[in-house]
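One structure below.
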There are 2 protein chains.
Amino acid sequence: MTDEAAPRPRKPRADAIRNRERVLEAAKSVFTQGGAEAGLEAVAREAGVGIGTLYRHFPTREALYEAVYRREVEQLAELAAQLAGEYGPMEALRRWMRALVQFVATKKGMGTALALAAHKPPELMAYSATRFQEVMGMLLRPAAEAGLVRTDIGSDDLLKAVIGLCYLQDGPGWQEQALRLLDVFLDGLSLRRGDPPGTA
Amino acid sequence: MTDEAAPRPRKPRADAIRNRERVLEAAKSVFTQGGAEAGLEAVAREAGVGIGTLYRHFPTREALYEAVYRREVEQLAELAAQLAGEYGPMEALRRWMRALVQFVATKKGMGTALALAAHKPPELMAYSATRFQEVMGMLLRPAAEAGLVRTDIGSDDLLKAVIGLCYLQDGPGWQEQALRLLDVFLDGLSLRRGDPPGTA
DNA sequence: GATGAAGCGGAGGGAACCTCCGTTTTTTGT
DNA sequence: ACAAAAAACGGAGGTTCCCTCCGCTTCATC
């Protein structure tokens, strides 16, 4: 009942962190390839850890799904920063949005599974939507300031547009089509016509 | 290779039909209560048939999901005809839309599972959307002809509205809220204000 | 009724889930 | 550098569910 004093929290163990990361990597790979209901033991094997370790880090299947998802969102956000440093505003924007299409693509196979398990996705959705919008803004602003794009389209519009483009489609070969439509859209967004946006 | 002549198709057995129906009924109950990943043996038990029988009728879990879903869509359509005979246009419409809300409610728990399993849902979605729209039209037309509702709202709008109402919400107590919103919406649709829509 | 096709049931082999605990690794204190 | 203890590891194995297979029963037909 007396509140516990400072019990000197330990530094987290290095192998624990490493293993956690490995499992996430493996899970992403396995789920992407084998569908969302792939065996967890397969994930553990791929990660080179015991099944017990997997369960300690992610007590339920759903927890694992969620962690994978969050990690990918984060990586996508980091990609934006990287692209912004490497390319001009327009090209960075284009490349990032392409990556976003692919992200959504893999999620259509797996994210549905996420939605199923628990009903925690509301918070998750909000989280990723916010995160993505931040990133979009980060990429969009420089382009706007350089006078390269229309200024009446906000990052929220842009995000919705991409999601919309992806969710309208469904057949095979769909991804290509979505990417094509994305290019059209970005051309429309751009203010300078005529010069090929091509390589760097 | 020679095309087969008329091989005298047999009349389907009575017990087979009966059992099939029983399984569907049981599946609906079990899935609604215990979630979409409830054991299939539980379904068989509830239906009072052997597990083998279940698997003969529905070779995969997903096939069972789909059949349950289709059946419910069909029942909901029949309900419309019945309500149209029993109540006035406005009341029939209201009652049916309430049933639709509840339908969507159960589907949020189970339909997601449906989406997961195979990627057949595009066709399923189209099917039910079409079916529902037919029914909506059937209920809406009399109300419109009797001058009870605005005529600038079509059955497609109405359907989308309900789905929208349901999908915006998520917390507990959500269903009540959706029903309340539905009432508001229907009041807005109606041309005669002031009289309580209450009992029959 | 007789007959045989169609359907029924449930035992059982296999796969996946997840817990539990003896062993190993890492951190911390000296 | 070393020892002690906390934390994490691995995987055997109990449990649960999946789904096939086949001998028995029931129904439609003749």
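Treat the numbers as computed from the prediction; the structure is a model and nothing was measured. Below, read A as the first sequence line, B as the second, and so on, with proteins coming before strands; counting in each chain starts at 1.
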Self-check item: Heavy-atom side-chain contact between B:Met136 and B:Trp96 under 4.5 Å
Solution: yes
Quiz prompt | Test item: A:Arg94 and A:Glu91 side chains (from C-beta on) under 4.5 Å apart, heavy atoms | solution =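 In short, these two side chains touch, coming nearer than 4.5 Å.
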Exercise. In whole angstrom, give the distance that lies between atom CZ of B:Phe58 and atom P of D:dC19.
Key: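 Between P of D:dC19 and CZ of B:Phe58: 15 Å.
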Quiz item: How close or far is atom C1' of D:dT20 from atom CG of B:Leu54, stated in whole angstroms?
Solution: 14 Å
Quiz item: Side chains of B:Gln82 and B:Glu86: is there a donor and an acceptor less than 3.5 Å apart?
Solution: yes
Practice problem: Take nucleotides 4-17 of chain C nucleotide by nucleotide from the 5' end and write B, S or -, depending on whether a protein heavy atom sits under 4.0 Å from the base, only from the sugar-phosphate, or from neither. | Solution: BBBSBBBB-----B
Self-check item: Step-by-step salt bridge (Lys or Arg N to Asp or Glu O under 4.0 Å) determination, B:Arg61 to B:Glu37
Solution: CA-CA 9 Å; B:Arg61 171 179 285 263; B:Glu37 57 280 331; over 6 Å; no
Quiz prompt | Any pair counted as salt bridge (Lys or Arg N to Asp or Glu O under 4.0 Å), so long as it reaches residues 44-58 of chain B, sequence neighbours left out | solution =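 Sorted pair list comes back empty.
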